[in-house]
Peer 1: 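The structure's right below; bear with me while I get my questions together.
Residue numbers begin at 1 in each chain, while the letters A, B, ... track the order of the sequences.
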Amino acid sequence: MRMTRTFIPTLRDDPAEAELVSHRMLLRGGYIRKLTAGIYIYLPLMQRVIHKISNIVREEMDRSGAFEITMPVLHPAEIWQQTGRYYDIGPELMRLDDRHKRPMVLGATHEEIVTSLLRGELRSYKRLPLNLYQIQVKFRDEIRPRFGLMRGREFLMKDAYSFDIDEAGLDIAYQKMVDAYKAVFKRCGLETVMVESDTGAMGGKFAHEFMVIVDTEGGEATILSCPECGYAANLERAESIPVNGPAKTEEAPQSYSPVETPNMKTVEEVTAFLNVPARKLVKTLMYRAGEKVVAALIRGDRQINETKLSNAAGVPMVEMLDAAGVEQATGAPVGFAGPVGMRADISVIADEEVKAMINFVVGANAGDRHLINVNLTDFRIDKTATIRSAEAGEYCPRCRKERLISRRGIEVGNTFKLGTKYSKALGATVLDEAGNERLLIMGSYGIGITRTAQAAIERFHDDRGIAWPVPIAPALCHLVCVNSGDAALSAAADKLYDDLQKAGIEVLYDDRQERTGVKFADADLIGLPWRITVGAKGLASGMWELKARMADAPEMVLAGEIIPRLLAILKSES
RNA sequence: CGGGGUGUGGCGCAGUCUGGUAGCGCACUUGGUUUGGGACCAAGACGUCGGAGGUUCAAAUCCUCUCACCCCGACCA
């Protein structure tokens with residue numbers, strides 16, 4: 001690739017629209033351009049990165065025994081109506097009509113499509129197990145696209161679907177995908193952590209996410225992990241053994257009484273005013289859970305975990321009541337809700353920790369008033385569950401020895417054990433050995449291709465630009481001719497460019513009539529792993545300068561040795 | 001959808017309050033000088049000031065409506 005012949009529109013200034021480093025560098029480095037909110041054009045350099053990642057994914061998927069297909073982007077709405085996701089997913093599913101006014105959707109994922117394919121084609125268990133995958137554009141009409149490729153509306157994803165006759169088969173298929181994923185990310189040069197996750201809207205019973213640990217603001221998710229035993233889960237799902245238990249367990253329960261707390265709405269205000277620690281207070285959070293209203297009780301110093309709460313409430317999603325809703329439900333303004341005398345039609349879900357508390361503070365369901373010395377016998381609890389978020393510094397729920405640490409990560413892959421949700425809805429069955437009709441047991445497995453690319457940048461960069469890992473870099477080396485106006489230098493660089501290409505080494509050749517500083521700055525920004533500089537000093541000595549992207553200083557290498565060196569690097573790093 | 005903000009040449013912005021016919025830096029074109037970390041001189045090209053309507057002798061600027069984009073929140077890979 002000669003820079004004068006391809007299209008790499010680098011930007012000198014940061015575009016105003018980009019917040020995240022990785023997003024800024026994609027824009028500035030001439031990798032992508034935005035078409036409209038959340039929808040991007042992939043320029044030549046980006047396209048090469050996509051190919052690199054896709055090829056690695058393809059090789060590992062094929063090796064695992066899966067087969068590549070391509071499914072349509074545009075689907076008839078009918079299939080989505082049959083599984084119910086047409087109604088469940090909501091506006092995120094892009095809907096449109098064709099010219100005959102037939103309702104269509106843009107594929108947000110392809111469970112419906114593969115399942116409907118196989119329901120018509122698979123008759124016998126002898127065809128199983130089967131795993132089909134594709135690398136395809138997905139469309140999700142995100143409420144709020146942001147962070148460039150990380151939360152776009154249109155993105156590239158590898159999605160695989162496994163089909164088995166029984167759970168044992170699914171376990172094997174799942175493990176194969178987990179192994180393939182570990183191999184994929186390792187080959188991409190990315191360290192990932194596999195964490196347990198909630199299944200969410202996908203349905204199913206068991207799921208993992210593969211996170212690239214970035215520990216930057218780009219890390220969208222918090223992961224709690226145990227350095228001792230390897231336990232890891234995202235914040236939604238993580239469990240923990242608390243370090244500081246109830247305040248004083250041996251305290252004698254007293255009978256409660258009201259106190260005036262004028263305008264004290266927050267835990268901080270109330271505890272400061274009453275001079276008690278936050279863990280002697282129970283906060284009552286009012287949620288809408290489907291048709292019902294629930295009151296969630298957690299200790300004052302804890303954070304509610306809405307995923308855990310919705311699981312406990314048995315609904316897909318909970319939503320915090322607004323001020324008017326709280327007032328209607330409790331008869332008091334926000335900040336004064338409490339479980340004592342809670343309306344009978346509101347179910348009370350208490351966090352496990354609350355059960356150990358004695359003589360605590362709660363809201364009085366009346367303005368400017370709290371109750372002190374409240375005990376569990378003073379109110380009704382319909383259900384007890386862990387509904388608080390685990391915190392860093394608490395003990396690991398598995399080994400119980402080490403304390404959990406918190407890290408920030410970007411999800412690049414996920415695996416779901418789906419079971420029969422889709423095969424049941426669409427009637428996808430096969431006959432088993434005994435001649436009985438059996439529903440297909442499914443799994444689905446995704447890798448965000450474009451997202452992985454951006455996660456890699458978020459992980460590997462410095463203040464000057466990207467620093468790609470060799471296996472997914474758009475090219476191995478960046479050949480800079482210091483002065484393309486100088487005939488002798490330019491000829492030497494041309495020759496090296498030809499030789500590199502003949503040797504099968506991918507090279508981006510900066511043959512522009514630009515000042516050296518401009519070329520170096522662009523090379524750092526674009527971030528290829530190696531830079532070769534052809535300059536006047538080298539012309540005399542027969543040596544060119546070779547520099548690794550993150551190295552402090554270059555080294556001088558004999559012209560004839562550059563290609564063998566790079567070939568050796570290629571061999572060891574990909 | 002709620003809250004906040006921005007739309008002016010390819011990019012980054014000033015000008016809007018106080019109306020007078022559009023400006024700066026970078027990029028771009030041509031010529032020249034330069035050439036190892038974002039050069040210099042000279043000459044140029046590029047704008048329906050997001051769109052529609054209105055007020056006015058006169059609108060980037062005031063009014064009404066509308067669209068797009070960005071940030072915070074809910075949602076999510």
Side-chain angles (χ1 to χ4, degrees), chain A residues 9-20 23-24 27-28 30 33-39 88-93 108-109 138-159 197-198 200-202 207 209-212 220-221 234 236 287-288 306-307 310 316-323 409-416 444-455 464-465 480-486 489-490 510 512-525 531 533-539 544-545 547 553-554:
Chain A
T10 57
L11 264 20
R12 187 176 291 223
D13 300 312
D14 272 330
E17 68 180 56
E19 198 81 341
L20 238 49
H23 185 195
R24 281 205 301 271
L27 254 6
R28 276 194 60 199
R33 282 296 182 267
K34 188 177 70 173
L35 208 216
T36 183
I39 300 185
D88 294 345
I89 294 189
E92 192 181 305
L93 184 64
T109 164
K138 296 276 180 287
F139 198 97
R140 295 182 193 171
D141 198 2
E142 285 291 335
I143 296 177
R144 185 178 160 210
R146 62 183 129 168
F147 304 148
L149 268 24
M150 270 175 45
R151 180 143 336 316
R153 293 196 289 171
E154 191 178 285
F155 56 99
L156 255 189
M157 179 167 151
K158 184 282 314 180
D159 45 327
S197 66
D198 193 72
M202 286 293 288
E209 288 172 353
F210 287 77
M211 319 284 305
V212 174
E220 50 172 3
N234 64 19
E236 285 181 349
Y287 279 90
R288 174 161 305 285
E306 296 186 358
T307 304
S310 42
M317 202 181 103
V318 292
E319 192 185 355
M320 211 170 213
L321 292 186
D322 58 15
I410 296 171
E411 181 184 351
V412 287
N414 53 36
T415 51
F416 290 93
S444 90
Y445 317 91
I447 291 180
I449 304 285
T450 37
R451 177 173 252 258
T452 299
Q454 189 171 342
R464 295 199 307 266
V480 175
C481 180
V482 158
N483 182 358
S484 294
D486 181 305
L489 258 195
S490 188
D510 195 342
R512 295 174 302 172
Q513 302 273 1
E514 285 287 357
R515 309 216 104 214
T516 320
V518 173
K519 293 188 177 190
F520 285 164
D522 275 349
D524 290 339
L525 216 208
R531 189 182 81 194
T533 308
V534 169
K537 288 178 248 166
L539 202 55
W544 305 130
E545 196 178 286
K547 179 181 171 297

Peer 1: On a whole-Å scale, what distance lies between the C1' atoms belonging to G7(B) and U61(B)?
Peer 2: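 Comparing C1' positions in G7(B) and U61(B) gives a spacing of 15 Å.
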
Peer 1: With both distances under 3.5 Å as the test, what is the Watson-Crick or G-U wobble partner of G31(B)?
Peer 2: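 Check on G31(B): paired to C41(B), both distances under 3.5 Å.
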
Peer 1: At less than 4.0 Å, is any side-chain N or O atom of Thr36(A) found next to OP1 or OP2 of C69(B)? Yes or no.
Peer 2: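 Answer yes for this pair, as a side-chain N or O of Thr36(A) is under 4.0 Å from OP1 or OP2.
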
Peer 1: If you assign each of Phe520(A) and Glu220(A) to its closest nucleotide in RNA chain B, which residue comes earlier from the 5' end?
Peer 2: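 Result of the comparison: Phe520(A).
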
Peer 1: Lys537(A) side chain: which of G37(B), C28(B), G36(B) is closest?
Peer 2: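 In terms of side-chain proximity for Lys537(A), the closest of G37(B), C28(B), G36(B) is G36(B).
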
Peer 1: Please assess Glu19(A) against Arg146(A) for the test salt bridge (Lys or Arg N to Asp or Glu O under 4.0 Å), listing each intermediate value before the final yes or no.
Peer 2: CA-CA 9 Å; Glu19(A) 198 81 341; Arg146(A) 62 183 129 168; over 6 Å; no

Peer 1: Take the protein atom CD1 of Ile410(A) and the nucleotide atom C1' of A77(B), then report the distance between them rounded to whole Å.
Peer 2: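 One finds 11 Å between C1' of A77(B) and CD1 of Ile410(A), rounded.
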
Peer 1: Measure distances between side-chain N and O atoms of Arg28(A) and base N and O atoms of G38(B), and say whether any donor-acceptor pair falls under 3.5 Å.
Peer 2: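 Under the 3.5 Å cut-off, the side chain and the base do form a donor-acceptor pair.
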
Peer 1: Rounded to whole Å, how long is the line connecting atom CG of Leu11(A) with atom C1' of G12(B)?
Peer 2: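 Result: 9 Å.
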
Peer 1: Show, in sequence, the C-alpha distance, side-chain angles and deciding distance for Asn234(A) and Glu411(A), and conclude whether the side-chain contact (heavy atoms from CB on, under 4.5 Å) test is met.
Peer 2: CA-CA 10 Å; Asn234(A) 64 19; Glu411(A) 181 184 351; over 6 Å; no

Peer 1: Can you check the Gln513(A) CD to C28(B) P distance for me, whole Å?
Peer 2: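 Atom CD in Gln513(A) sits about 13 Å away from atom P in C28(B).
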
Peer 1: With rounding to the closest Å, how many angstrom separate the P atoms on C72(B) and G31(B)?
Peer 2: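 It works out to 47 Å between them.
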
Peer 1: Go through G36(B), G12(B), G38(B) for me and flag the one nearest to the Ala521(A) side chain.
Peer 2: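 Closest nucleotide among those given: G38(B).
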
Peer 1: Quick one: the side chain of Glu545(A) and the base of G36(B), do they pair up donor-acceptor inside 3.5 Å?
Peer 2: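 Answer is yes: a donor-acceptor pair is held.
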
Peer 1: Of the options G36(B), U35(B), G37(B), whose atoms approach the side-chain atoms of Arg464(A) most closely?
Peer 2: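 Side chain of Arg464(A) sits closest to G37(B).
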
Peer 1: OP1, OP2 of C11(B) versus side-chain N and O of Arg33(A): anything below 4.0 Å?
Peer 2: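 So the side chain of Arg33(A) is outside the cut-off, no N or O lying under 4.0 Å from OP1 or OP2 of C11(B).
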
Peer 1: Can you tell me, in whole Å, how much space there is between the C1' of C46(B) and that of C65(B)?
Peer 2: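 Going atom to atom, C1' in each nucleotide, I get 32 Å.
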
Peer 1: Could you give me the CA-CA distance, side-chain angles and deciding distance for Glu92(A) and Glu142(A), then say whether side-chain contact (heavy atoms from CB on, under 4.5 Å) is met?
Peer 2: CA-CA 6 Å; Glu92(A) 192 181 305; Glu142(A) 285 291 335; 4.2 Å; yes

Peer 1: Would you measure the distance from the P atom in A22(B) across to the matching atom in G3(B) and give it in whole Å?
Peer 2: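 38 Å, rounded to whole Å.
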
Peer 1: Once you round it to whole Å, what is the distance between C1' of A77(B) and CD of Glu209(A)?
Peer 2: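 Taking CD of Glu209(A) and C1' of A77(B), I get 8 Å after rounding.
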
Peer 1: Please measure how far the P atom in G23(B) lies from the corresponding atom in G15(B), and state the result in whole Å.
Peer 2: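 My reading of the P atoms in G23(B) and G15(B) gives 16 Å.
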
Peer 1: Could you please name the option among A77(B), C72(B), G36(B) that lies closest to any side-chain atom of Glu411(A)?
Peer 2: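 That would be A77(B).
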
Peer 1: Rounding to a whole Å, what distance do you find between Asp14(A):CG and C26(B):P?
Peer 2: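 About 18 Å, once rounded to whole Å.
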
Peer 1: Whole Å only: how far is the CD atom of Glu306(A) from the C1' atom of C75(B)?
Peer 2: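 Result: 11 Å.
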
Peer 1: Using only atom types and a distance under 3.5 Å, with no angle test, would you say the side chain of Asp524(A) pairs donor to acceptor with the backbone of Gly465(A)?
Peer 2: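 A pair under 3.5 Å: no.
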
Peer 1: For RNA chain B, whose closest nucleotide is more 5', that of Ala16(A) or that of Lys519(A)?
Peer 2: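 Nearer the 5' end of the strand: Ala16(A).
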
Peer 1: So what does Lys34(A) touch, heavy atoms closer than 4.0 Å: a base, only the sugar-phosphate, or nothing?
Peer 2: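 Sugar-phosphate, no base atom in range.
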
Peer 1: Counting side-chain heavy atoms from CB outward, which of A68(B), G38(B), C75(B) is closest to Arg12(A)?
Peer 2: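 Minimum distance to the Arg12(A) side chain belongs to G38(B).
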
Peer 1: For Leu539(A) and Trp544(A): C-alpha separation, side-chain torsions, deciding distance, then whether side-chain contact (heavy atoms from CB on, under 4.5 Å) applies.
Peer 2: CA-CA 8 Å; Leu539(A) 202 55; Trp544(A) 305 130; 3.9 Å; yes

Peer 1: How far, in whole Å, is G50(B) from A45(B) if one measures between their P atoms?
Peer 2: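 After rounding to an integer number of Å, I get 24 Å for this pair.
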
Peer 1: Choosing from G37(B), C70(B), C75(B), which nucleotide comes nearest the side chain of Arg531(A)?
Peer 2: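 Nearest to the side chain of Arg531(A) among the choices is G37(B).
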
Peer 1: A cation-pi test, strictly: NZ or CZ of Arg531(A) under 6.0 Å from the centre of the six-membered ring of Phe520(A) and no more than 45 degrees from its axis. Yes or no?
Peer 2: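 Cation-pi check for Arg531(A) and Phe520(A): passes.
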
Peer 1: Return the nearest nucleotide to the side chain of Asp13(A); candidates are A77(B), G25(B), U35(B).
Peer 2: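 Closest nucleotide to the Asp13(A) side chain: G25(B).
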
Peer 1: Ile447(A) and Thr452(A): which non-hydrogen atoms are nearest, and at how many Å?
Peer 2: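 Closest approach of Ile447(A) to Thr452(A): CG2-OG1, 4.0 Å.
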
Peer 1: So what's A14(B) paired with, Watson-Crick or G-U wobble, going by both distances under 3.5 Å?
Peer 2: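 Per the H-bond distance test, none.
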
Peer 1: Measuring only the P atom in each nucleotide, how far is G36(B) from C40(B)? A whole number of Å is fine.
Peer 2: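 Per the computed distance, 15 Å lies between those P atoms.
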
Peer 1: For G2(B), which nucleotide is its Watson-Crick or G-U wobble mate, given both distances must be under 3.5 Å?
Peer 2: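 With both distances under 3.5 Å, G2(B) matches C72(B).
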
Peer 1: Please report the distance separating the C1' of G2(B) from the corresponding atom of G47(B), rounded so that it comes out in whole Å.
Peer 2: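 Result for the C1' pair: 36 Å, nearest Å.
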
Peer 1: A77(B), G37(B), A39(B): which one has an atom nearest the side-chain heavy atoms of Asp524(A)?
Peer 2: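 Among the listed nucleotides, the one closest to the side chain of Asp524(A) is G37(B).
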
Peer 1: Which nucleotide in the list A39(B), C1(B), A77(B) gets nearest to the side chain of Arg451(A)?
Peer 2: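 Output: A77(B).
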
Peer 1: Measure CD/Glu514(A) against C1'/C40(B) and give the value in whole Å, please.
Peer 2: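 Atom-to-atom, Glu514(A) to C40(B), this comes out as 15 Å.
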
Peer 1: Choosing from U35(B), C71(B), A77(B), which nucleotide comes nearest the side chain of Arg144(A)?
Peer 2: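 Given the options U35(B), C71(B), A77(B), the side chain of Arg144(A) is closest to C71(B).
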
Peer 1: For Glu319(A) and G73(B), what is the distance between atoms CD and P respectively, to the nearest whole Å?
Peer 2: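 Rounded to whole Å, this separation is 17 Å.
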
Peer 1: With side chains defined as the heavy atoms from C-beta onward, is the minimum distance between Val480(A) and Glu545(A) less than 4.5 Å?
Peer 2: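 Contact flag for Val480(A)/Glu545(A) side chains = no.
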
